[in-house]
Amino acid sequence: MSRRHAVIAALIVGALAGVWLAFTSVSRWWWRGGAAPAAQTPAAAAAPTGERKIKATLYYVSEDGLSLVGVEREVPFGDPIVEQARRLVEAQLAPAPAPLASAIPEGTTLRALFLGDRGDAFVDLSPEVTTRHSGGALDELFTVYAIVDTLTVNLPAITRVQILVNGKEADTLAGHVDIRGPLQKNLDWATPHAGPPTPESQGQD
């Protein structure tokens, strides 16, 4: 066979091979119902990072019911200061970590919070803070100062706190503690701060 004939034969074989590959590709596409190959999509974007938080001291009733315990907890960050104050109060109204108890009557919600121009914060709570209160002078002190101390300890710009009930000033929550005006921080009923266990405390017998 001449060189020319060999070249022609090679071209024919190549053309037939191309036709065969095209035929098999079309056949596979037809048997799959004519669906086009799935497009390659880029990897999903990374999930957004969690909400920024700060560490704050919140106050709960001790196991023996005789004092408030300051506990370090993470609270959502808020800006400006009035927003941070709101988030602190909302965190304080949430259920207490076991084995401590909440000083706030169950069902109490924050209706509003605003700041005065002299470092005073006004915290408007729902009626449950009074209608569901257990009563007793000590329990009432715990309710009032869990709110007052949470704001004044964590936000130095707030020096006094007045608790309102359902949008109005109230004389007391349960008949014992005068809340007709703003109150300053008072840690007389609070035990020392309780934070996460440290390596030193875990190593003690």
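Bear in mind that the values here come from a model prediction, so they are computed numbers and not experimental data.
- Side-chain atoms of S62 and S67 form a donor-acceptor pair, as typed in the model, at a separation below 3.5 Å.
- From N154, atom CG reaches atom NZ of K55 across 13.0 Å, with rounding to the nearest 0.5 Å.
- Separating the CZ atom in R160 from the CG atom in L183 is a distance of 9.0 Å, to the nearest 0.5 Å.
- Interatomic distance, I104 CD1 to L125 CG, rounded to the nearest 0.5 Å: 7.0 Å.
- When side chains are defined from C-beta on, Q84 does not count as touching D79, because their heavy atoms never get closer than 4.5 Å.
- Between the CD atom of E83 and the CG atom of L113 there is a distance of 9.5 Å, given to the nearest 0.5 Å.
- Side-chain contact check for E72 and T57: no donor-acceptor pair (N or O, by modelled atom type) lies under 3.5 Å.
- Atom-to-atom distance recorded for I163:CD1 and T172:OG1 is 11.0 Å, nearest 0.5 angstrom.
- Applying ring-ring contact (aromatic ring centres under 6.0 Å, His included) to W189 and the options Y60, Y145, F142 leaves one that passes, Y145.
- Formation of a donor-acceptor pair under 3.5 Å by the E140 side chain with backbone atoms of H176 is found in this model.
- Electrostatic pairing of D120 and R118 does not count as a salt bridge here, judged by no charged N lying under 4.0 Å from a carboxylate O.
- Two residues are said to be in side-chain contact when any heavy atoms from C-beta on lie closer than 4.5 Å; T159 and T152 fail this criterion.
- Between N186 and V144 there is no side-chain heavy-atom pair separated by less than 4.5 Å.
- Of the candidates L151, V165, V148, L151 is the only one forming a side-chain contact (heavy atoms from CB on, under 4.5 Å) with V123.
- Between E51 and R87 a salt bridge is recorded (basic side-chain N to carboxylate O distance below 4.0 Å).
- The OG atom of S126 sits 8.0 Å away from the CG atom of L93 when rounded to the nearest 0.5 Å.
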